[in-house]
Amino acid sequence: DTLWARSVSPWGAAGPARRIDTAGGRVTDVRMVGGRDGEVFVAWTHLDGIRYNVWVSRYTPGAGWDTAHALEAATESAYQVRVGADARGNAVVAWYQFDGAGHDVWGTGGGVGGAWSPAQRIESFAGSATAPELAMSAAGVAFATWTHFDGTRNSVWSARYTPAAGWQGAQLVDAANTQDRIDPRIAVSARGDAVVIWSEDAGGRRTVAGSPYPK
């Protein structure tokens, strides 16, 4: 499976189809988001025959797609890539990755001009972190949220990203962590406020709960 794209101008003129991925193998879990002035970021996982790695490419009107490149090259597989972009040309990507024993959430950021920072482990607690979700404000403040299983129950965690400081330390979203919580979702306002919601166990049935991001 390969990844292709085709652009269309505001007045309806379509450009030629172009293959974005160049590594061969299999492309899965494609995610795309629009940024400033028609810019587009696309991220995906790529199976090279042994493991899945995270790749990314940027589309700029007038210049087209830049060369796709891997955001990480770990010896274990990465899954469930998510991508966000702001109105200034910044972008973030998050995913979860196997470390040989469990799964951790990783992320990186890309600034104006196309440079991407090295992949950074956002959390490294014992147990497994999965199901990351990502949102980014117009001013470049991003939040990732995910489910973490500590061996007893699932809880919801989140971390904040800024272009200047990168990813900051992970925080438990709600300290009253007595129920099993899964499937978090996150939204960010234009000024950088965030709200997380999730599904939690309520005595044999599941309900939806939420919280503003911890300040």
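Worth knowing before you read on, the calculation uses all heavy atoms, side chains too, and leaves out hydrogens, waters and symmetry mates. These numbers come from a predicted model, not from an experiment. For the single chain, residues carry numbers from 1 onward in sequence order.
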What are the two closest heavy atoms between [X] and [Y], and how far apart are they?
X	Y	value
Ala170	Ala159	CA-CB, 4.2 Å
Asp86	Ala138	CB-O, 3.4 Å
Ser57	Trp44	N-CZ3, 3.9 Å
Ala91	Tyr161	O-OH, 4.5 Å
Glu72	Ala78	OE2-CB, 4.1 Å
Ser137	Ser189	CB-O, 3.1 Å

>> What verdict does the side chain to side chain contact (heavy atoms under 4.5 Å, CB included) test give for Phe41 and Met32, after you've listed the backbone C-alpha separation in whole Å, the side-chain angles of each residue and the deciding distance to 0.1 Å?
In response: CA-CA 6 Å; Phe41 296 86; Met32 185 168 67; over 6 Å; no

Hey, does [Y] have a side-chain heavy atom less than 4.5 Å from the side chain of [X]?
X	Y	result
Ile186	Ser158	yes
Val56	Val42	no
Leu172	Ser155	yes
Asp180	Glu200	no
Arg6	Arg18	no
Val156	Pro184	yes
Leu3	Val30	yes
Asp104	Phe98	no

> Would you call the rings of Tyr96 and His103 parallel, tilted or perpendicular, where under 30° means parallel and over 60° means perpendicular?
Replying inline: perpendicular

> According to the interplanar angle, ranging from 0 to 90°, do the rings of Trp65 and Tyr59 count as parallel (below 30°), tilted (30 to 60°) or perpendicular (above 60°)?
Replying inline: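 Tilted.
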
> Does the pair Gln80 and Asp29 meet the rule for a side-chain hydrogen bond (donor to acceptor under 3.5 Å, both in side chains), with working shown?
Replying inline: CA-CA 7 Å; Gln80 200 165 339; Asp29 197 16; over 6 Å; no

Common cluster, [X]/[Y], ILVMFWY with side-chain heavy-atom separation under 4.5 Å:
X	Y	answer
Val83	Trp106	yes
Val27	Val54	no
Val173	Val188	yes
Trp116	Val33	yes
Val105	Met136	yes

With rounding to the nearest 0.5 angstrom, report the [atom1] to [atom2] distance, [X] to [Y].
X	Y	atom1	atom2	answer
Trp198	Ile182	CH2	CD1	13.0 Å
Trp167	Thr108	CH2	OG1	9.5 Å
Arg181	Trp157	CZ	CH2	12.0 Å
Gln179	Arg153	CD	CZ	8.5 Å
Trp146	Glu133	CH2	CD	12.5 Å
Trp55	His69	CH2	NE2	9.0 Å

>> With side chain to side chain contact (heavy atoms under 4.5 Å, CB included) as the criterion, how do Glu123 and His148 come out once you've worked through the C-alpha distance, each side chain's angles and the decisive distance to 0.1 Å?
In response: CA-CA 10 Å; Glu123 63 79 42; His148 176 262; 4.1 Å; yes

>> Whether the Thr2 and Asp21 side chains hold a donor-acceptor pair (N or O, under 3.5 Å, no angle test) is what I'd like checked.
In response: no

> Centres of the His46 and Tyr52 rings: under 6.0 Å?
Replying inline: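 No, the ring centres sit 6.0 Å or more apart.
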
> What residues form a side chain to side chain donor-acceptor pair (under 3.5 Å) with Thr45, not counting sequence neighbours?
Replying inline: Thr28

>> Using a 6.0 Å cut-off, check whether atom CZ of Arg121 has over 12 heavy atoms from anything other than its own residue.
In response: yes

> Does the salt bridge (Lys or Arg N to Asp or Glu O under 4.0 Å) test come out yes or no for Arg51 and Glu76, once each step is laid out?
Replying inline: CA-CA 6 Å; Arg51 67 188 63 84; Glu76 304 291 351; over 6 Å; no

>> Tell me every residue that passes salt bridge (charged side-chain N to carboxylate O under 4.0 Å, His left out) with Asp99, counting only those two or more places apart in sequence or in another chain.
In response: none

>> For the backbone of Ala63 and the side chain of Thr60, can you confirm whether one donor and one acceptor N or O come within less than 3.5 Å of each other?
In response: no

>> Can a donor-acceptor pair be found, under 3.5 Å and without considering hydrogens, that links the side chain of Asp183 to the backbone of Ser199?
In response: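 Looks like no, no N/O pair under 3.5 Å.
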
